[in-house]
Amino acid sequence: MENDGHRRQEGAEAQIREWRRYLLRRQGVAAADGDELEDHLRGRIAALEEAGLSADEAFLVAVRRLGEIDALTREFAREHSGRLWKQLVSTAGRTGARADRTEAVVVLALAAAAALAVKLPELFGLSLATDGAQHFYARNFSLFVLPFLAGYFVWKRRIGIRLGVGLAAAFALAAALVNTLPYTPGGATEVLAVMHLPIALWLVIGIAYSGGRWKNRQERMHFVRFSGELVIYFVLIALGGGVLTGLTMGMFASIGIDAEQLAQQWILPCGALGAVVVAAWLVEAKQSVIENMAPVLTRVFTPLFTLVLLAFLATMAWTGTGIGADREVLIGFDLLLVVVLGLVLYAVSARDPGAPPSAFDRLLLLLVTCALVVDGFALGAIALRISEFGFSANKAAALGENLILLANLAGSAWLLFGFLRGRVAFSGLERWQTAFLPVHAGWAAFVTVVFPLLFAGA
């Protein structure tokens, strides 16, 4: 009986934590306001339990009676659509509809601003079609959209002036550095900056997304989920945009007008940047749909990637052929390892931390182990290349990235092994993964800012 009571109490606490996270994420409520509302909620739950309701029933009724946040209650009910919720909560309400319309207007305005931002340099003679201007656009493409995405979360989370100014300063500093550092047009350091600057700035987006609560482990994990879901939505929008562009060009071609320049100069760049903001809004608005996709995709692709890595290692052993150290090859392997880390992160985020080890956890350990071996071979190829030809910007960047990936994968493998042996809690793996997010962003910032100084002329 004591164990049953303890489990019920833990379940009630888990529900309250979930409700609080939802409140802070979806409505942008300040932490202090969240504390006050949680106190109210706990007081109502205690009173209802004294009246004879079970812990679950008390929680549901107490949330429903918090009339000050009825719009939030309706949204929370849609995502937690159990039978009791459907009985207790009404889905109608003018306040929620009005808030949704306001948010749609804000998002569309920010998306339009991002779409037009990429055309502003043309006022100063920098056109996408101008030779040489492509280098400017390549270095700055993330700065055309990410500030507006951060602005959406500043509005959504009701971020204070101090943090808002800090976020703006981070983007301004990035813009100043990427446009003044001595990059060689088309050189290695410029290419590395183009690839790494968005990664560094994505940490700024994470701070905005968390409403300034970046140190909170759960907020980091929420941001990881958001990032993956944003990719899913953006790909879907891009596919639809590709169809729209093709149809547009076909219609104009039918009347003898070539619309290729319209597509290249306006539809593609403006549509791509605006779609990032729209995709973020869709993730926020429709989380209950997409969050069910992430675990499914993880379950599908984890065994597939494991088989691919096993087949690759077996082929290497059979043929005795090592990994080449060409830049394109190393980039491909880094992307593969990043995907493996993504699968680990989504597996962690979708798993019940209190559940016992399963066959899928063993498969995940096998995947991480295979990735570790592949990363070891890649590092060997990089070291051999450096010993023969010395350091270069590309090889130094690849070496640093692979060392970070090696440390991440090694820690993940150790924690997974400890969990399977019953020595480590599964939450330790989540803490390890979220702690590494700033490391990846920090290395990306280092490559963007320091490498053009270290490898001048490259």
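When reading the values below, keep in mind they use all heavy atoms of this one structure, side chains included, and skip hydrogens, waters and symmetry mates.
A 4.5 Å side-chain heavy-atom check between Leu341 and Leu337 finds every atom pair outside the cut-off. Asp361 has its side chain within reach of Phe426: a pair of non-hydrogen atoms, C-beta onward, lies under 4.5 Å apart. Considering only heavy atoms from C-beta on, Val344 stays 4.5 Å or farther from Leu409 through its side chain. By the 4.5 Å heavy-atom criterion applied to side chains, Val439 and Phe436 are counted as neighbours. Between Leu201 and Leu197 there is a side-chain heavy-atom pair separated by less than 4.5 Å. Considering only heavy atoms from C-beta on, Glu388 comes within 4.5 Å of Leu384 through its side chain. For the pair Lys156/Tyr209, no side-chain contact is recorded, criterion being any heavy-atom separation below 4.5 Å from C-beta on. Using a 4.5 Å heavy-atom threshold, the side chains of Leu365 and Phe419 count as separate.
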task = Step by step, work out the side chain to side chain contact (heavy atoms under 4.5 Å, CB included) result for His440 and Glu401.
result = CA-CA 8 Å; His440 294 292; Glu401 288 158 7; over 6 Å; no
Just do the side chain to side chain contact (heavy atoms under 4.5 Å, CB included) check on Phe360 and Thr302 with the steps written out, would you?
CA-CA 9 Å; Phe360 184 79; Thr302 295; 3.7 Å; yes
*asked:* The test is side chain to side chain contact (heavy atoms under 4.5 Å, CB included); show your working for Glu219 and Phe223 and say whether it passes.
replied: CA-CA 6 Å; Glu219 289 298 329; Phe223 180 62; over 6 Å; no
For Thr448 and Leu192: C-alpha separation, side-chain torsions, deciding distance, then whether side chain to side chain contact (heavy atoms under 4.5 Å, CB included) applies. CA-CA 7 Å; Thr448 302; Leu192 289 170; over 6 Å; no
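A donor-acceptor distance shorter than 3.5 angstrom exists from the side chain of Arg220 to the backbone of Thr434, with no hydrogens or angles considered. With hydrogens and angles disregarded, a donor-acceptor distance shorter than 3.5 Å links the side chain of Trp432 to the backbone of Asn408. Remark: side-chain polar atoms of Arg158 are not paired, donor with acceptor, to backbone N or O of Val154 under 3.5 angstrom. In this structure, Asp375 contributes its side chain and Leu406 its backbone to a donor-acceptor pair below 3.5 Å. The closest donor-acceptor contact from the side chain of Glu190 to the backbone of Gly186 lies under 3.5 Å. Listed for the Asn179 side chain is a donor-acceptor partner under 3.5 Å among the backbone atoms of Ala175. Remark: the backbone N or O of Leu143 is not paired with any side-chain donor or acceptor of Asn140 at under 3.5 angstrom.
Ring centroids of Phe153 and Phe226 are separated by less than 6.0 Å, placing the two rings close together.
Counting heavy atoms of neighbouring residues, nucleotides and ligands inside a 6.0 Å radius, atom CZ of Phe301 does not exceed 12 of them. Other residues, nucleotides and ligands place more than 12 heavy atoms under 6.0 Å from the CZ atom of Phe136. Within 6.0 Å of atom CG in Leu453, more than 12 heavy atoms from other residues, nucleotides or ligands are found, so the atom counts as buried in its surroundings.
To the nearest 0.5 Å, atoms CZ (Arg225) and CG (Leu345) are separated by 10.5 Å. Taken from CZ in Arg213 to CZ in Arg157, the straight-line distance is 10.5 Å, to the nearest 0.5 Å. A distance of 8.5 Å separates CG of Asn216 from OG of Ser210, quoted to the nearest 0.5 Å. The CZ atom of Phe377 sits 12.0 Å away from atom CG of Leu372, with the distance rounded to the nearest 0.5 Å. The line from CG of Leu364 to OG of Ser358 is 9.0 Å long, rounded to the nearest 0.5 Å. Leu149 contributes atom CG, which lies 4.5 Å from atom CD1 of Ile205 (distance to the nearest 0.5 angstrom).
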Would you mind writing out the side-chain donor-acceptor pairs for residues 111-119 within the sub-3.5 Å range, not counting sequence neighbours?
residue, atom, partner, partner atom, Å
Lys119, NZ, Glu122, OE2, 2.7
Lys119, NZ, Gln265, O, 2.7

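Between Phe417 and Trp414, the ring planes lie tilted relative to each other; the angle falls in the 30° to 60° range.
Pro438 and Trp214 get closest at one heavy-atom pair: CG-NE1, 4.0 Å. Closest heavy-atom contact between Leu163 and Ile207: CD1-CG2, 4.1 Å. The two residues Leu177 and Tyr183 come nearest to each other via the heavy atoms O-CE1, 4.3 Å. In this structure, Ala397 and Phe451 approach most closely via the heavy-atom pair N-CE2, 3.6 Å. Annotation for Leu415 and Gly428: closest pair CD1-O, 3.6 Å, computed over non-hydrogen atoms. Here the closest heavy-atom approach between residue Pro198 and residue Leu146 is recorded as O-CD1, 4.4 Å.
Applying the salt bridge (Lys or Arg N to Asp or Glu O under 4.0 Å) test to Asp334 and every residue at least two apart in sequence or in another chain returns nothing. A search for salt bridge (Lys or Arg N to Asp or Glu O under 4.0 Å) contacts involving Arg431 returns nothing, not counting sequence neighbours.
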